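Chain naming here is simple, since letters A, B, ... match the order of the sequence lines and numbering starts at 1 in each. Given the structure is predicted, the values throughout are model-derived calculations rather than measurements.
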4 protein chains.
Amino acid sequence: MTRGRIKGDHEVRRAEIARAACAVILRNGLAATSLAEIAREMGYTTGVLRHYFLSKEELLFHAKNSLFDAAIDARRDGAQDLQGRDKLTSVVTAMIAVNPAAVDRYRLLAAFNGSAIGDEALMSKQHARNQENIEALSALIAELQACGLALKGLDPRMAALGLLALIDGLWEHIIMKPQDWGGDDLAALVMAHVRTTIFGELPPEAETDRRTGAPSAIPRET
Amino acid sequence: MTRGRIKGDHEVRRAEIARAACAVILRNGLAATSLAEIAREMGYTTGVLRHYFLSKEELLFHAKNSLFDAAIDARRDGAQDLQGRDKLTSVVTAMIAVNPAAVDRYRLLAAFNGSAIGDEALMSKQHARNQENIEALSALIAELQACGLALKGLDPRMAALGLLALIDGLWEHIIMKPQDWGGDDLAALVMAHVRTTIFGELPPEAETDRRTGAPSAIPRET
Amino acid sequence: MTRGRIKGDHEVRRAEIARAACAVILRNGLAATSLAEIAREMGYTTGVLRHYFLSKEELLFHAKNSLFDAAIDARRDGAQDLQGRDKLTSVVTAMIAVNPAAVDRYRLLAAFNGSAIGDEALMSKQHARNQENIEALSALIAELQACGLALKGLDPRMAALGLLALIDGLWEHIIMKPQDWGGDDLAALVMAHVRTTIFGELPPEAETDRRTGAPSAIPRET
Amino acid sequence: MTRGRIKGDHEVRRAEIARAACAVILRNGLAATSLAEIAREMGYTTGVLRHYFLSKEELLFHAKNSLFDAAIDARRDGAQDLQGRDKLTSVVTAMIAVNPAAVDRYRLLAAFNGSAIGDEALMSKQHARNQENIEALSALIAELQACGLALKGLDPRMAALGLLALIDGLWEHIIMKPQDWGGDDLAALVMAHVRTTIFGELPPEAETDRRTGAPSAIPRET
DNA sequence: AATGAATGAGCATTCATTCAT
DNA sequence: GATGAATGAATGCTCATTCAT
């Protein structure tokens with residue numbers, strides 16, 4: 001029926017805009033991301049953005065989500081053939097793998113979470129996404145429990161929260177200076193947590209004696 | 001020309017401004033925090049801010065740090081009489097305690113970390129603070145190792161990173177909906193991590209069998 | 001290539017667009033009337049408007065006139081069989097009858113007259129239309145004079161101006177709150193004016209005495 | 001108490017801005033009145049307008065009202081010493097006097113009434129002002145009735161409405177081409193209405209005969 | 001020390017118009 | 001005839017900063 005321009009590339013164009021928006025945010029920061037800059041990034045003018053997104057807010061939210069949705073699909077594909085502890089291991093390892101795309105994703109996430117402070121609506125949306133993530137991890141852990149592959153006494157949701165928090169918290173540090181993290185150190189760190197607190201395995205070399213130390217320094221929070 | 005007193009007033013006034021700035025950021029968000037709003041919060045006009053801070057950026061950075069410095073002092077006081085594992089436990093417990101002041105602090109931190117994306121200078125400053133925190137925790141753990149109270153094979157800096165990441169990551173979730181977290185669940189979660197991965201204790205009920213499970217869901221990152 | 005039919009369709013479509021434009025103006029106001037909104041009102045897209053009107057200005061002007069031309073035709077039909085004072089009475093009564101269509105017409109007129117301020121070209125067009133109206137009423141009054149049915153000393157054009165002004169002025173008030181005016185009060189008001197100042201009849205109960213009052217309030221113009 | 005700039009000229013400045021706004025509206029029309037143009041009219045930049053008015057809407061509304069408030073004060077002063085019919089005559093004559101300032105006022109009013117179409121809030125405000133005007137005129141007429149100087153059977157509010165409508169309606173025509181109206185024609189027209197429909201006097205030369213005429217033309221509304 | 005007036009650039013958003021299909 | 005993508009200028013508004021008092 002449509003006689004004018006082809007309609008098919010609507011979604012394609014939205015994705016193109018989303019990509020440009022992400023690039024600008026990561027380069028200049030969220031506060032310095034103007035529609036004009038996004039348009040310039042693509043070689044277009046600002047007016048065109050209005051065709052594809054009703055407002056700047058909608059554009060930016062879509063941009064962030066599109067980046068993450070792609071990552072989720074990739075991770076699901078990577079884990080779907082696995083079973084038991086290997087499946088959790090695969091998922092967790094993928095989540096902590098440091099590569100440029102992942103760094104971009106978590107930087108974007110940090111930018112958005114920061115902008116959600118003082119914005120109840122945005123905070124709710126982010127909270128809901130967090131809950132979904134916990135739920136999904138929780139289901140994995142509960143299945144392991146059912147098979148006797150994870151500690152019986154665990155609350156799966158708390159275990160999932162802890163695991164996700166550890167990964168998120170590591171990313172908080174990673175994004176500040178990604179080049180410091182190349183090898184498998186981080187995966188080993190997370191897996192040590194998983195093995196001891198979820199799988200219930202003994203820590204690798206658990207020989208400690210009972211003397212008392214006297215450390216002195218206090219960490220700063222920031 | 002009472003210079004000394006004037007200097008004293010000066011710092012008092014800077015602190016007052018910092019407090020007002022924090023209040024506005026937490027209420028309206030960083031992006032919506034204008035100097036006019038901060039001045040209004042105090043019952044002053046914008047011009048006065050210029051007497052105490054050269055720029056908005058300086059004002060905001062000072063505001064955030066002042067909040068955290070106060071918290072650090074408090075934590076140091078709480079732990080200084082303790083020894084050995086109790087000391088680490090005390091520090092860690094204090095860091096995960098959910099109360100309105102702590103929620104405000106971590107929300108502020110999230111806002112600033114978010115605004116550091118795309119701003120290399122600010123990112124460096126935050127990174128340096130992170131490193132200090134890791135160093136301090138690392139020293140505590142190293143002392144425990146020296147006394148045989150922590151796992152020998154651990155890299156203290158990695159262990160400190162993991163511990164800090166877990167706490168930071170938990171806070172990332174807490175600040176979204178603080179009212180969900182009242183009891184000792186979070187402290188228990190963190191202490192389980194500490195006991196197994198740092199102290200090297202056996203997980204509470206480590207009876208698992210060897211069957212293989214088949215979990216299916218994949219968590220989303222956001 | 002059925003040219004005749006196409007021409008017919010053309011005018012039909014212009015009328016359809018004009019109707020949609022009026023609806024939007026009355027709902028949202030002239031300033032908030034965009035071509036996109038008019039197109040949406042009809043279920044079309046903006047591009048189509050360009051086929052029927054060269055510019056927005058032309059479209060809007062046509063829209064207003066079409067509404068009034070329809071009203072004029074209707075009034076002419078209602079009065080064509082009457083004679084003498086009855087004819088003027090019929091015309092005047094029709095002009096002051098409060099019904100939704102008339103309210104819409106006068107609201108539209110007010111919107112356009114308002115937009116003519118500062119726009120000499122539009123003002124001229126509106127002025128010309130006013131003059132036509134006065135001329136037509138003036139002819140009616142002159143005929144009554146010729147028949148001895150109206151005051152001899154009247155200047156017919158001034159009398160017509162006064163009558164039209166009274167009706168227009170009443171409408172200025174009516175359109176603000178049309179629901180206040182249901183009955184024959186307004187027609188009676190206008191007819192009292194017509195009977196005394198044009199027909200020369202005695203006011204209904206003309207017994208006043210000669211004392212002097214002392215009223216105090218002063219009306220505001222707006 | 002205030003140490004900085006003097007505060008006294010705040011209202012003076014608002015008036016200055018209001019005057020500039022009126023000038024621009026009358027020259028370019030309401031739709032083409034931008035804040036930049038108003039600022040340019042005064043030799044300032046746009047930002048300054050924000051010091052004195054919260055929004056464009058507030059500025060424009062204030063501008064219009066300030067013009068009318070000044071006129072009301074002037075009219076009140078002119079009529080305060082008079083009594084009885086002379087007082088009403090004085091007020092009415094002042095309301096219909098054609099001079100550049102009055103033309104500006106009524107043009108501004110037309111522009112605002114036009115922009116009130118489709119804007120319920122603005123329409124309500126204008127309606128309220130109209131009601132005040134009617135009330136004030138109504139009080140004048142009621143006093144005349146009480147003294148036996150006006151027709152007993154009149155509803156003062158309807159009489160006031162009619163009188164105000166006649167004046168407003170005349171202005172609707174006057175503003176289109178003010179130079180056409182120099183002498184006392186308009187005042188005479190209004191006073192004829194007042195004398196016959198309110199005072200109850202006989203029309204000047206009431207000799208009409210009974211023949212029936214057959215006028216033909218029908219006035220157009222616009 | 002403190003005020004508040006004034007600046008002027010930057011922003012998101014709106015919109016009439018053009019034009020390839 | 002009709003579409004809708006794209007333009008690009010204009011608008012109201014915000015705000016950090018400057019500065020005379």
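Evaluation of the side chain to side chain contact (heavy atoms under 4.5 Å, CB included) rule for C:Asp119 yields C:Ala121, C:Leu122 as partners, not counting sequence neighbours. Judged as a salt bridge (charged side-chain N to carboxylate O under 4.0 Å, His left out), and not counting sequence neighbours, C:Glu57 has no contacts. With sequence neighbours excluded, the residues forming a side chain to side chain donor-acceptor pair (under 3.5 Å) with B:Glu16 are B:Arg13, listed by chain and number. Scanning for side chain to side chain contact (heavy atoms under 4.5 Å, CB included) contacts around C:Ala23 gives C:Glu41, with sequence neighbours left out.
Rounding to the nearest 0.5 Å gives a distance of 6.5 Å between NZ of C:Lys56 and OG1 of C:Thr33.
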Taking Watson-Crick and G-U wobble contacts under 3.5 angstrom, with | marking pairs to another strand and [ ] crossing pairs, the secondary structure of DNA chain F is written .||||||||||||||||||||

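If you measure from atom CG of C:Asn28 to atom C1' of E:dT14, you get 14 Å, rounded to the nearest angstrom. Atom OH in C:Tyr44 sits roughly 6 Å away from atom P in F:dA2 (whole-Å rounding).
Of the charged side-chain nitrogens involved, none lies within less than 4.0 Å of a carboxylate oxygen, so that D:Glu120 and D:Lys125 do not count as a salt-bridged pair.
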Given protein heavy atoms under 4.0 Å, the one-letter contact record of nucleotides 9-16 of chain F, with B base, S sugar-phosphate only and - none, is simply B-SSSB-S

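One finds no side-chain N or O of D:His51 lying less than 4.0 angstrom from the OP1 or OP2 phosphate oxygen of E:dA6.
Heavy atoms of C:Tyr52 sit under 4.0 angstrom from primed sugar atoms or phosphate atoms, though from no base atom.
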